[in-house]
Amino acid sequence: MEFTRVDHPIVQEKLRLLRDVATPPKEFRALLAQVSVLLAFEALRDLPVEEVGVETPIAHASGVRLAHGQPVLVPILRAGLGMSDGILKLLPEAAVGHIGLYRDHETHQPVEYYRNLPADIAQRDVLLLDPMLATGGSAVAALDMLKSLGVASLRLICLVAAPEGVAAVAARHPDVPMFGAALDSHLNEHAYIVPGLGDAGDRLFGTL
Ligand code: PRP
Ligand code: URA
């Protein structure tokens, strides 16, 4: 499945501010929350709906509701929390599952340290959230886990992707659509995205 770059001018301006080394954590958090709503809006465009009528004060009108209810948000800790915080404002009834992964500094391989997901997640639409798709190791591990639990409806939202990460997800999970604000140039020798925005978790939580 292809990577969809959300090229809306509002998304792109916020991305520039998020990339800026001078943007402090307080602003970084606010911008990431805002841009995540816009990315989710695009990623959820094809959510299944069913027809339901509605009575206005004047007359009957046709309408729709989400066929499976609001999707489950699954942020990958830590940085994914900056995306779920924003998207919950759009989808306040969404359940939130958490997957804790960190990248080993030497091997760059993801290490799982936490998992707490809704019991009925297999029947739900799931939105996997992680601002940075670098090697793709974290996203692939999270998708492996979700599929092993029976989840079939999956979408991945990131802020910035590297070609290496997109290729890794597409190779292992070709059915999972990816959405983001940017597809950057490459990874550096530390597996950081170039030009990227640095370490998203550190910039979000001020742990630089
Ligand atoms: C970062 C980021 C992703 C991962 C992406 O997490 O938030 O989860 O790296 O890299 P990958 O595509 O190569 O797997 P990190 O390990 O720095 O943990 P943190 O969010 O707790 O800072
Ligand atoms: N994780 C980050 O936070 N940033 C990168 O550029 C790569 C992985």
Side-chain angles (χ1 to χ4, degrees), residues 1 3 5 14-29 31-33 35-36 39-40 43 73-87 96-117 126-147 154-174 176-208:
M1 189 77 70
F3 176 85
R5 177 177 169 270
K14 289 182 191 296
L15 171 64
R16 176 183 61 80
L17 295 166
L18 282 157
R19 287 191 194 274
D20 191 333
V21 67
T23 299
K26 180 179 168 209
E27 275 174 45
F28 190 92
R29 271 196 289 278
L31 286 161
L32 182 58
V35 80
S36 299
L39 295 173
L73 310 182
V74 179
I76 299 179
L77 308 180
R78 293 175 297 166
L81 291 172
M83 303 188 90
S84 54
D85 281 354
I87 298 170
V96 184
H98 295 87
I99 295 175
L101 293 175
Y102 71 86
R103 279 199 329 180
D104 182 276
H105 282 293
E106 304 277 305
T107 65
H108 307 136
Q109 293 303 305
V111 180
E112 183 183 343
Y113 62 88
Y114 187 73
R115 185 192 298 198
N116 192 331
L117 299 165
V126 171
L127 203 51
L128 182 63
L129 308 173
D130 193 337
M132 309 308 280
L133 183 62
T135 66
S138 303
V140 165
L143 291 169
D144 285 350
M145 180 200 301
L146 291 165
K147 284 191 179 172
L154 282 158
R155 295 167 180 80
L156 169 63
I157 304 184
C158 61
L159 181 67
V160 181
E164 294 89 333
V166 170
V169 172
R172 177 129 178 141
H173 296 290
V176 177
M178 294 170 264
F179 297 84
L183 183 55
D184 275 7
S185 165
H186 63 280
L187 299 178
N188 69 14
E189 64 276 23
H190 305 293
Y192 274 83
I193 300 174
V194 180
L197 50 72
D199 188 304
D202 285 345
R203 296 202 56 191
L204 187 63
F205 294 110
T207 49
L208 289 165

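Counting starts at 1 for both ligands and their atoms, following the listed order. Just so it is clear, the values below take in all heavy atoms, side chains as well, and ignore hydrogens, waters and symmetry mates.
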Novice: Within a strict 4.5 Å, meaning less than it, do heavy atoms of the Asp130 and Leu101 side chains meet?
Specialist: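 Contact flag for Asp130/Leu101 side chains = no.
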
Novice: Knowing that exactly one of Leu154, Leu156, Asp144 qualifies, which makes a side chain to side chain contact (heavy atoms under 4.5 Å, CB included) with His173?
Specialist: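 Going through Leu154, Leu156, Asp144 one by one, the side chain to side chain contact (heavy atoms under 4.5 Å, CB included) with His173 is satisfied by Asp144 alone.
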
Novice: Among all protein heavy atoms, pick out the one at the shortest distance from atom 6 (O) of ligand 2; state its residue, atom name and that distance to 0.1 Å.
Specialist: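 In this structure, atom 6 (O) of ligand 2 has Ile193 N, 2.8 Å as its nearest protein heavy atom.
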
Novice: State the atoms of ligand 1, each with its element, that fall below the 4.0 Å cut-off from a heavy-atom position in Ala79.
Specialist: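 Near Ala79, the atoms of ligand 1 are 7 (O), 20 (O).
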
Novice: Using protein heavy atoms only, decide if any is under 4.0 Å from atom 13 (O) of ligand 1.
Specialist: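 Yes.
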
Novice: Are any of the heavy atoms in Gly136 under 4.0 Å away from ligand 1?
Specialist: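 Contact check Gly136 vs ligand 1: positive.
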
Novice: Met132: heavy atom below 4.0 Å from ligand 1, yes or no?
Specialist: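 The answer is yes: ligand 1 sits under 4.0 Å from a heavy atom of Met132.
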
Novice: What protein heavy atom is closest to atom 16 (O) of ligand 1, reported as residue, atom name and distance in Å?
Specialist: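 Nearest neighbour among protein heavy atoms for atom 16 (O) of ligand 1, to 0.1 Å: Arg103 N, 2.7 Å.
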
Novice: Please state which part of Ala134 comes within less than 4.0 Å of ligand 1, counting heavy atoms only: side chain, backbone, both or neither.
Specialist: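 The answer is both, backbone and side chain.
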
Novice: Going by heavy atoms in the side chains, are Pro177 and Arg155 under 4.5 Å from each other?
Specialist: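 A side-chain contact under 4.5 Å exists here.
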
Novice: Can you check whether Met132 reaches Cys158 side chain to side chain, under 4.5 Å on heavy atoms?
Specialist: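 With C-beta onward as the side chain, the pair stays apart.
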
Novice: Do Leu18 and Thr23 come within less than 4.5 Å of each other through their side chains, counting heavy atoms only?
Specialist: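 Side-chain contact under 4.5 Å: no.
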
Novice: Do any non-hydrogen protein atoms sit less than 4.0 Å from atom 1 (C) of ligand 1?
Specialist: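 No.
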
Novice: If we count only N and O atoms by modelled type, under 3.5 Å, do the side chains of Arg103 and Thr135 hold a donor and an acceptor together?
Specialist: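 Per modelled atom types, Arg103 and Thr135 side chains form no pair under 3.5 Å.
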
Novice: Any nitrogen or oxygen of Asp202, side chain or backbone, less than 3.5 Å from one on ligand 1?
Specialist: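 No, since none of the N or O atoms of Asp202 sits under 3.5 Å from an N or O of ligand 1.
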
Novice: Please list the nearest protein heavy atom to atom 21 (O) of ligand 1 with its residue and the distance rounded to 0.1 Å.
Specialist: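 Checking every protein heavy atom, the shortest distance to atom 21 (O) of ligand 1 gives Arg78 NE, 2.9 Å.
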
Novice: Do Asp199 and Thr207 touch side chain to side chain, with heavy atoms closer than 4.5 Å?
Specialist: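 Asp199 vs Thr207: side chains apart.
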
Novice: Which atoms from ligand 1 have a heavy atom of Tyr102 less than 4.0 Å away?
Specialist: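 Counting from 1, the qualifying ligand atoms are 16 (O).
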
Novice: For atom 17 (O) of ligand 1, grab the closest protein heavy atom and report residue, atom and distance to one decimal in Å.
Specialist: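 Sorting protein heavy atoms by distance from atom 17 (O) of ligand 1 puts Asp199 OD2, 3.8 Å first.
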
Novice: Report the residue from Leu159, Asp85, Leu197 that forms a side chain to side chain contact (heavy atoms under 4.5 Å, CB included) with Leu32.
Specialist: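 With Leu32 as partner, side chain to side chain contact (heavy atoms under 4.5 Å, CB included) holds for just one option, Leu159.
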
Novice: For ligand 2, which atoms have a heavy atom of Ala134 less than 4.0 angstrom away?
Specialist: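 Every atom of ligand 2 under 4.0 Å from some heavy atom of Ala134: 7 (C), 8 (C).
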
Novice: Below 4.0 angstrom from a heavy atom of Ala200, which ligand 2 atoms are there? Numbered from 1 as shown, please.
Specialist: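 What qualifies from ligand 2 is 2 (C), 3 (O).
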
Novice: Suppose I only count heavy atoms of Arg103 and a 4.0 Å limit; which atoms of ligand 2 are within that range?
Specialist: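 Listed by number with element: 7 (C), 8 (C).
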
Novice: Answer whether the closest heavy-atom distance between the side chains of Phe3 and Val169 falls below 4.5 Å.
Specialist: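 Contact flag for Phe3/Val169 side chains = no.
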
Novice: Backbone or side chain, does any N or O of Ala139 fall under 3.5 Å from an N or O of ligand 1?
Specialist: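 Between Ala139 and ligand 1, no N or O pair is found under 3.5 Å apart.
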
Novice: Looking at atom 18 (O) of ligand 1, what's its closest protein heavy atom, distance included?
Specialist: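 Closest protein heavy atom to atom 18 (O) of ligand 1: Leu101 O, 4.1 Å.
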
Novice: With a 4.5 Å limit on heavy-atom distance, are the side chains of Met83 and Leu127 in contact?
Specialist: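 SC-SC contact between Met83 and Leu127 ruled out.
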
Novice: Show me which atoms of ligand 2 lie under 4.0 Å from any heavy atom of Gly198.
Specialist: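 Within the 4.0 Å cut-off of Gly198, ligand 2 contributes 2 (C), 3 (O), 4 (N), 5 (C), 6 (O).
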
Novice: Could you find the nearest protein heavy atom to atom 8 (O) of ligand 1 and give me its residue, atom name and distance?
Specialist: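 Protein heavy atom with the smallest distance to atom 8 (O) of ligand 1: Asp130 OD2, 2.5 Å.
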
Novice: Among all the protein's non-hydrogen atoms, which is closest to atom 1 (N) of ligand 2, and how far away is it?
Specialist: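 Heavy-atom neighbour on the protein nearest atom 1 (N) of ligand 2: Met132 CB, 4.0 Å.
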
Novice: Does Arg78 come within less than 4.0 Å of Asp202, counting only side-chain N to carboxylate O?
Specialist: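 Salt bridge flag = yes for Asp202 with Arg78.
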
Novice: Under a 4.5 Å cut-off applied to non-hydrogen side-chain atoms, are Val35 and Leu15 in contact?
Specialist: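 In short, these two side chains do not touch, never coming nearer than 4.5 Å.
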
Novice: Would you indicate whether Arg172, at its atom CZ, is surrounded by more than 12 heavy atoms from other residues, nucleotides or ligands within a distance under 6.0 Å?
Specialist: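 No.
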
Novice: Which atoms of ligand 2 sit under 4.0 Å from any heavy atom of Ala191?
Specialist: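 Per the distance check, 7 (C).
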
Novice: Nearest to atom 5 (C) of ligand 2, what protein heavy atom do you find, and at what distance?
Specialist: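 Checking every protein heavy atom, the shortest distance to atom 5 (C) of ligand 2 gives Tyr192 CD2, 3.3 Å.
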
Novice: Report yes or no: does Arg19 contribute a side-chain atom to a donor-acceptor pair with the main-chain N or O of Gly196 at less than 3.5 Å?
Specialist: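 It does hold such a pair.
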
Novice: Does any N/O atom on Ser138 come nearer than 3.5 Å to any N/O atom on ligand 1?
Specialist: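 So ligand 1 has an N or O lying under 3.5 Å from an N or O of Ser138.
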
